[in-house]
Protein chains: 2
Amino acid sequence: MTVRWTIVKPFERARRPVSAREQRQVASDAGLSKQRVVVEAVRLADREGVDGLSMRRLAGALGAGAMSLYHYVASKEELLDAMIDIVFEEIELPPEGTDWQSAMRRRAVSARRVLACHPWAIGLMESRTSPGPANLRHREAVTACLRRAGFTVLMATHANWLLDSYVYGFALQEASLPFDTAYEFADMAEDVFLPQLPPDEFPYLNESAAALVAAGYDPAEEFIFGLDLVLAALEPLRASA
Amino acid sequence: MTVRWTIVKPFERARRPVSAREQRQVASDAGLSKQRVVVEAVRLADREGVDGLSMRRLAGALGAGAMSLYHYVASKEELLDAMIDIVFEEIELPPEGTDWQSAMRRRAVSARRVLACHPWAIGLMESRTSPGPANLRHREAVTACLRRAGFTVLMATHANWLLDSYVYGFALQEASLPFDTAYEFADMAEDVFLPQLPPDEFPYLNESAAALVAAGYDPAEEFIFGLDLVLAALEPLRASA
DNA sequence: TACTATGAGCGTACACTGTACCATGACCGT
DNA sequence: ACGGTCATGGTACAGTGTACGCTCATAGTA
């Protein structure tokens with residue numbers, strides 16, 4: 001067990017009493033800390049899936065004993081909560097200084113990208129009920145953007161629900177698809193889907209799969225299409241102040 | 001171990017050779033069968049959450065030994081797949097003989113209701129990649145409805161993605177909310193949310209929570225609002241044959 | 001009726017999980 | 001020098017999915 005200890009900078013200690021635990025939180029590359037534990041947990045889940053994430057393996061990846069993690073995380077549940085909040089931290093906030101549609105489009109695109117990078121996050125959301133700080137900050141920024149664009153409180157709520165539903169639902173569907181690019185889609189459709197879709201039982205699905213392959217359908221463009229449709233549909237709800 | 005054996009109806013045996021295993025599949029209230037195993041698994045997950053569903057507990061609920069389940073299900077993964085497909089079976093297909101918007105509204109409302117009854121299903125979808133038979137039948141019916149309404153293959157695909165994203169995403173968000181009714185929302189907002197949303201840090205969220213409570217906001221109506229907005233936005237994509 | 005093949009049911013065992021409890025030993029302030 | 005604090009992790013326990021192989025009721029055959 002190679003445990004390296006943080007050297008506390010003197011002036012920090014001079015300013016106010018700092019517990020050893022707090023010092024750890026600041027330390028970035030030495031010793032353990034809640035940061036380091038959660039970040040490594042995210043990395044592990046990205047690599048091996050959420051089922052491959054066990055306290056023992058996580059501890060192993062950190063060069064520590066399993067029980068040590070419980071000094072930074074009360075339980076695995078809390079660890080999962082913290083992991084989700086890290087994911088929310090990665091999502092871009094809607095930028096200020098542009099029209100609301102551009103701002104929301106940007107943050108939606110960012111959210112989709114982040115959720116695609118951490119597919120396990122979607123599946124975890126269902127079971128955790130209380131939003132973390134990054135989640136709250138994100139919601140605040142989004143609501144601010146909508147309200148400043150002239151949406152009433154009620155309409156901003158509607159817009160929020162609709163946009164988030166679309167983004168999460170899209171990410172959820174995307175996570176359960178075995179292809180990403182147009183090339184992979186064409187490949188899988190011809191070799192896997194079409195044989196499973198006999199035209200007498202699934203005439204329409206068969207037709208769709210065949211036609212989409214022929215047209216060179218690219219699933220990567222799907223997200224923007226629906227997003228812009230939703231944004232356009234929301235525009236009239238705005239009390240154009 | 002009270003194992004009751006199926007009495008095979010003679011005329012069934014006369015018609016063609018039927019293995020004992022197949023007879024079990026048909027039997028509804030005696031012995032085990034894949035049906036019975038999966039249905040009981042769904043019930044158990046509804047009652048105790050998906051984390052409370054273990055092979056041993058499921059076996060216990062069926063009055064059987066743990067290893068007996070593996071005669072009907074190759075692995076727990078396959079069990080989970082089958083459970084999801086049962087959920088899809090519960091969702092109403094879009095009815096024929098009405099305009100496409102009414103049909104899609106009906107099936108979307110049904111889907112939301114079913115997913116709200118089985119919240120664990122949403123969290124499971126992320127990890128399973130191959131759709132079951134009920135899922136395929138459902139997709140076929142939806143695509144048929146859209147194509148008959150005059151959507152091209154490509155536009156029907158867009159509509160499908162958008163509608164499903166909305167439904168799944170809404171269900172996902174709903175599953176992670178601790179309230180259902182307007183009364184519960186008002187209660188929780190005042191006692192739990194507002195204290196966590198200091199106006200200097202979260203001015204807009206604070207304002208929203210307060211205003212929504214004052215207006216008697218009912219989260220149950222939220223779904224239809226967004227759904228109708230989406231349906232209206234899709235209408236112009238239709239090549240009104 | 002006796003014999004055999006089949007296959008449902010499940011007891012046992014193994015590697016693994018989350019985590020409660022407790023011992024260790026380094027660091028700090030006095 | 002000493003006592004208190006606290007990060008660390010070893011051990012243990014209940015519970016997990018499931019591989020293996022046994023029992024024994026049944027169906028089919030002779």
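Values in this document were obtained by computation on a predicted structure and should not be read as measured data. Quick note: numbers below take in every heavy atom, side chains included, and nothing from hydrogens, waters or symmetry partners.
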**Message:** Distance check needed: D/dT18 P versus B/Leu69 CG, whole Å only.
**Reply:** 11 Å

**Prompt:** So what does B/Leu58 touch, heavy atoms closer than 4.0 Å: a base, only the sugar-phosphate, or nothing?
**Reply:** nothing

**Item:** Between D/dT18 (P) and A/Asp51 (CG): distance, integer Å
**Value:** 11 Å

**Fill in**
Separation of C/dT19 atom C1' from A/Leu79 atom CG, nearest Å, is 14 Å

**Prompt:** Do the charged groups of B/Arg137 and B/Glu140 touch, with an N to O distance under 4.0 Å?
**Reply:** no

**Item:** Atom-to-atom span, NZ of B/Lys76 to C1' of C/dC16 - whole angstrom
**Value:** 14 Å

**Message:** How many whole angstroms separate atom OH of A/Tyr70 from atom P of D/dG10?
**Reply:** 15 Å

**Nucleotide D/dT16, atom C1' - distance to CD of B/Glu77 in whole Å** = 14 Å

Table of protein N/O atoms under 3.5 Å from nucleotides 11-13 of chain D N/O atoms:
none

**Item:** Crowding at CZ, B/Arg107 (>12 non-hydrogen neighbours, <6.0 Å)
**Value:** yes

**Item:** Sequence neighbours excluded - salt bridge (Lys or Arg N to Asp or Glu O under 4.0 Å) pairs with any residue from residues 50-64 of chain A
**Value:** A/Glu48-A/Arg57

**Asked** Have A/His118 and A/Glu90 got a donor and an acceptor in their side chains that come within less than 3.5 Å?
**Response** yes

**Message:** Assess whether a salt bridge exists between B/Glu78 and B/Lys34, defined as any Lys/Arg side-chain N lying under 4.0 Å from an Asp/Glu carboxylate O.
**Reply:** yes

**Request:** Look at the side chain of B/His71 and decide which nucleotide, out of D/dT18, D/dT16, C/dA8, has an atom nearest to it.
**Result:** C/dA8

**Request:** Please report the closest heavy-atom contact between B/Trp161 and A/Gln173, naming both atoms and the distance.
**Result:** O-NE2, 3.5 Å

**Request:** May I ask you to verify if any side-chain N or O of A/Ser68 is less than 4.0 angstrom from the OP1 or OP2 atom of D/dG9?
**Result:** yes

**Fill in**
Walking DNA chain C from its 5' end, the first of A/Ala74 and A/Arg57 to be reached, judged by nearest nucleotide, is A/Arg57

**Asked** The side chain of A/Ser54 lies closest to which of these nucleotides: C/dG18, D/dG9, C/dG9?
**Response** C/dG18

**Asked** Would you say B/Tyr72 reaches C/dG9's phosphate, i.e. side-chain N/O to OP1/OP2 under 4.0 Å?
**Response** yes

**Message:** Just the rounded figure in Å: distance from P of C/dG11 to CE of B/Met55.
**Reply:** 15 Å

**Asked** Sequence neighbours excluded, which residues qualify as side-chain contact (heavy atoms from CB on, under 4.5 Å) partners of B/Glu92?
**Response** B/Arg106, B/Ser110

**Prompt:** Of the candidate nucleotides C/dG9, C/dT19, D/dG17, which contains the atom at the shortest distance from the side chain of A/Ser75?
**Reply:** C/dT19

**Asked** Between D/dT18 atom C1' and B/Glu78 atom CD, what is the distance in whole Å?
**Response** 14 Å

